[in-house]
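All values below were derived from every heavy atom in this structure, side-chain atoms included, with hydrogens, water molecules and symmetry-related copies excluded. So that the names make sense, note that chain A is the first sequence line, chain B the second, and so on, each numbered from 1.
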Amino acid sequence: MPVHNHEIAERFTRLANLLEIEGENPYRVRAYRNAARTLGGLSVSIADMVAEGEDLTRYPGIGKDLAGRIRTLVETGELPVLTEVERRVPTELSDLMAIEGLGPKGVRSLYKKLSIDSLEDLEEAARAGRIHQVERFGEKTEQSILKEINKLRSGGRQRTRLVDAEEVARPLVEYLAAAEGVEAIEVAGSFRRRKETVGDLDILVSCEDSGPVMERFVSHEDVAEVVSQGTTRSTVRLSSDLHVDLRAVSAKSYGAALHYFTGSQAHNIAVRQRGVERGYKINEYGVFPSGESGGKPMAGATEEEVYDCVGLPWIAPELREDRGEIQAAEEGRLPELVTVEDMRGDLHAHTDATDGGEGLRAMAEAAADRGYEYLAITDHSKRVSMAHGLDADRLRAQGAEIDRLNEELEGITLLKGIEVDILEDGSLDLPDDVLAGLDMTVCSIHYQFNLPRDRQTERIIRAMDNPHFRILGHPSGRTINEREALDLDMERLVEAAVERNCILEVNGQPGRLDLRDTDCMLARERGAKLALSTDAHNVPNLGLMRFAVDQARRGWVEAGDVINTRDLQGLKRALERA
DNA sequence: GCCGTTTTCGGCCCGACTGTTTTCAGTCG
């Protein structure tokens, strides 16, 4: 049984936690943590790489030692250094670190003084009032621990989907912008990096006197709790349970602060490290000569200035994940990321013939209004009975209607398509001669999500063998916070797509965002072509393109990697199989 | 444990806020 990437990452995280509790060299701890993050974010199978004898030290933060440990873990299923640590301290201590406000020192102290080594122990001790008797623990901490245990038991705080975060952020930004003295305001953090989910919102304002905006912030009607409040930073919990941080700096520091609060943390560390090498100290107030505190920063009003100080061009927020963007920037090979303006059409849309809300004409006109040259109509096929999927006759009738519409529509061409189901055996839900009459197909899985990896992967590859297979719709099948992804060998799938000149979709439905960012990256590296689509079920849904674009940008995707950045002629060529 | 435009040794990002304390350690981002 091969060891999955996430299992490897989990072991390294556990190791980092336990070492930290033991008081081990923090840089060694960080090395394990970084490794966990890097490995967990990879799209390719580490086990496969080990099997093929690939050099793992090409990944940042993986050196000779770690590469060796990974190899051992893959080959034997054992991580001896972890086993060693677990002999000294209970492995469950690692789980206690999940409690907010409880860090390594706290866990160690509770273990030493009260022999607490599980959530149950911790809860019991807190209820019995034994925690606050330990040095550096008080009544407040004891109560907060009980609250946090409850939260953890009820599944913990879920990350918020980007689209939902936007709905909170938009009015909040408007509200804060109206505060006295606010000169600029922006949502930073993972929101600005356009990550598919955000843990909290980080809002940055520029102003000389932060008093009024901070006061306005904590007194917003949606605030359920003021978690912390200061002059430069305050944190609240909204009634929706989303945490929001507000940070205030002066205009001369705005760029440095924006860079810092945009993150990711790993990206910041790497940039600051470059600063140190060049004799600078970089913080959220600006760039300073090393060793100097206060005084006038050498740079900091804009992000460009900060990057310039460390010899780099500005890096787009979507790339700031420490996934090689700094090296790419240094070597002048940052990607020219695809933009919403590059998009010439949408290749996945439904109508009221199945589960969409509007007819062909309304969808076509809305697409034309967006400035598109084409829109592919891709209703469900019959297997999706819930959505009243199309059979061959209804599909032909729709095609005739599209032909009529194309005669009279100006400036937009409707493409005849279908979102045809990939059946369990890898065949498609409509006969070949019917599919042959279409301009294109989106082929998707809507049933049998739980096949084992080999069979699920084979199923899709077999479907790709059908000459009418064009675009793989929402490839992983996951829905964010709801349904796990199909168990797929994404690397094999991408390679199969490249070999057959099939295209992978990046679905812009905010609950899907599928392909994922790291899979977009993998696809791009292997030379697979992508289609950015909205899977629109009504007219407003056509506006979801920006989410597909965001996701693709996080995967380093350029306009040239995307077939629907081309004009109609170019698109038709890209859709040819041969 | 990683890493190299001073380095293969000796560094390793940096500051805000809280709670528990009378000056700061711990945690977080």
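The nearest whole Å value for the distance from the CD1 atom in A:Ile62 to the P atom in B:dC2 is 8 Å.
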Contact state string [nucleotides 23-29 of chain B, B base, S sugar-phosphate only, - no protein heavy atom under 4.0 Å]: -BSSSSB

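When heavy atoms are screened at a 4.0 angstrom cut-off, A:Asn268 is found touching no nucleic acid atom at all. As judged by a 4.0 angstrom heavy-atom cut-off over every strand, A:Arg69 is placed among residues touching the sugar-phosphate backbone only. Here A:Thr231 lies in heavy-atom contact (under 4.0 Å) with sugar-phosphate atoms only. In this structure, A:Asn34 reaches neither bases nor backbone, as no heavy-atom distance under 4.0 Å exists between it and the strands shown. Looking at heavy-atom distances under 4.0 Å, A:Glu135 makes no contact with the nucleic acid at all. Within the nucleic acid shown, A:Leu66 comes within 4.0 Å of sugar-phosphate atoms alone, with no base atom in reach, counting heavy atoms only. Using a 4.0 Å heavy-atom distance criterion, A:Glu20 is classed as making no nucleic acid contact.
Contact between the side-chain N/O atoms of A:Tyr27 and the OP1/OP2 oxygens of B:dG1 is not found at any separation under 4.0 Å. The side chain of A:Lys281 places an N or O atom within less than 4.0 Å of a non-bridging phosphate oxygen (OP1 or OP2) of B:dG15.
Applying the Watson-Crick and G-U wobble criteria (two distances, each under 3.5 Å), B:dG1 pairs with B:dC12.
The stretch residues 76-88 of chain A does not touch DNA chain B, since none of its heavy atoms comes less than 4.0 Å from the strand.
Ring orientation note: the planes of A:Tyr307 and A:His259 are nearly perpendicular, at an angle over 60° on the 30°/60° scale.
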